[in-house]
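This report refers to the structure that appears directly beneath it.
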Amino acid sequence: MTVEKNKKLKLFFGFLVVANTLLFLAMAYFHMLSTDLKAAVFVDFWGRFTVYSMWFIGFVLYIKYISPIKSLRNLVLLLISLNIPFFLLMAYFDKISNTPDTIVFVDFWGRITVYSLWVLCYEAYKKYVQ
């Protein structure tokens, strides 16, 4: 495969991930995703696929563009570090809930938060274990 085809393919898949994420979140925002038991499996599958795809591309971009720049890396790690307790405290103080209106967003945010913890683990591994 040529370099030009590789670049086009990367852009195409990047576009698909962004478009899928925007579609999923827009449908969730406008309550177009059913939360009944039969639809929950599909919504959960699609949500996981969306989060995993978005997180994977974000991690690749982090490694390629952000990680080499110490100030940007530290900013991203700080934001991730703050997001984890913020998410958990919001749940603890009942500021977010698993109501049908918000479950998709809470699940999405929770997954991003958990997977972002892996960035911290990766950075700790790189710095202290390797």
Side-chain angles (χ1 to χ4, degrees):
M1 196 175 277
T2 67
V3 173
E4 186 63 30
K5 280 188 179 182
N6 270 345
K7 188 175 181 180
K8 286 182 181 179
L9 198 55
K10 285 180 187 178
L11 286 173
F12 175 71
F13 284 126
F15 170 78
L16 284 179
V17 168
V18 170
N20 180 58
T21 302
L22 291 175
L23 177 63
F24 181 81
L25 292 175
M27 289 182 73
Y29 180 78
F30 290 111
H31 306 289
M32 297 170 72
L33 296 174
S34 176
T35 55
D36 71 27
L37 292 178
K38 283 202 178 251
V41 172
F42 171 75
V43 172
D44 186 57
F45 178 84
W46 186 19
R48 286 175 195 252
F49 177 73
T50 301
V51 169
Y52 295 158
S53 301
M54 190 179 86
W55 189 88
F56 181 76
I57 287 183
F59 185 70
V60 168
L61 293 174
Y62 169 80
I63 294 299
K64 188 170 183 176
Y65 298 109
I66 295 172
S67 184
I69 303 168
K70 187 176 181 177
S71 59
L72 283 178
R73 180 181 65 237
N74 290 339
L75 177 64
V76 168
L77 295 176
L78 174 69
L79 291 173
I80 289 170
S81 297
L82 293 174
N83 180 57
I84 294 167
F86 181 69
F87 176 76
L88 294 172
L89 287 170
M90 293 282 286
Y92 181 78
F93 290 116
D94 294 324
K95 299 299 180 189
I96 55 176
S97 66
N98 287 336
T99 64
D101 288 346
T102 61
I103 186 72
V104 174
F105 292 110
V106 171
D107 186 59
F108 191 87
W109 183 15
R111 289 181 197 280
I112 290 291
T113 301
V114 167
Y115 303 138
S116 297
L117 179 60
W118 283 103
V119 173
L120 297 177
C121 294
Y122 170 78
E123 286 296 335
Y125 172 80
K126 263 184 22 182
K127 187 168 186 164
Y128 300 109
V129 177
Q130 219 174 22

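Counting begins at 1 with the first residue of the sequence.
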(request) Would you name the heavy atoms of G14 and I57 that are closest together and state the gap between them? (result) CA-CD1, 4.1 Å

(message) Would you say that V104 contacts W46 through its side chain, given a criterion of any heavy-atom pair below 4.5 Å between the two side chains?
(response) no

(message) When you compare the side chain of F13 with that of L16, does any pair of heavy atoms fall below 4.5 Å?
(response) yes

(request) Treating Ile, Leu, Val, Met, Phe, Trp and Tyr as nodes and any side-chain heavy-atom pair under 4.5 angstrom as an edge, say whether M90 and F87 lie in one connected cluster. (result) yes

(request) Treat each ILVMFWY residue as a node, draw an edge where side-chain heavy atoms are under 4.5 Å apart, and state whether M27 and F108 are in one component. (result) yes

(request) Would you please test K7 and E4 for salt bridge (charged side-chain N to carboxylate O under 4.0 Å, His left out) and show each step? (result) CA-CA 5 Å; K7 188 175 181 180; E4 186 63 30; 5.9 Å; no

(message) Show the nearest heavy-atom pair for residues R73 and S67, with the distance to one decimal.
(response) NH1-O, 2.6 Å

(message) For a 4.5 angstrom cut-off between non-hydrogen side-chain atoms, does N83 reach W109?
(response) yes

(request) Could you go through the ring-ring contact (aromatic ring centres under 6.0 Å, His included) check for Y122 and W118 one step at a time? (result) CA-CA 6 Å; Y122 170 78; W118 283 103; over 10 Å; no

(message) Hydrophobic cluster membership, with links at side-chain heavy-atom distances under 4.5 Å among I/L/V/M/F/W/Y: are V51 and V114 in one?
(response) yes

(message) On a heavy-atom basis, which atom in I63 and which in P68 lie closest, and how many Å separate them?
(response) O-CD, 3.5 Å

(request) Can you see which heavy atom on S116 is nearest to which on W55, and at what distance? (result) N-NE1, 3.5 Å

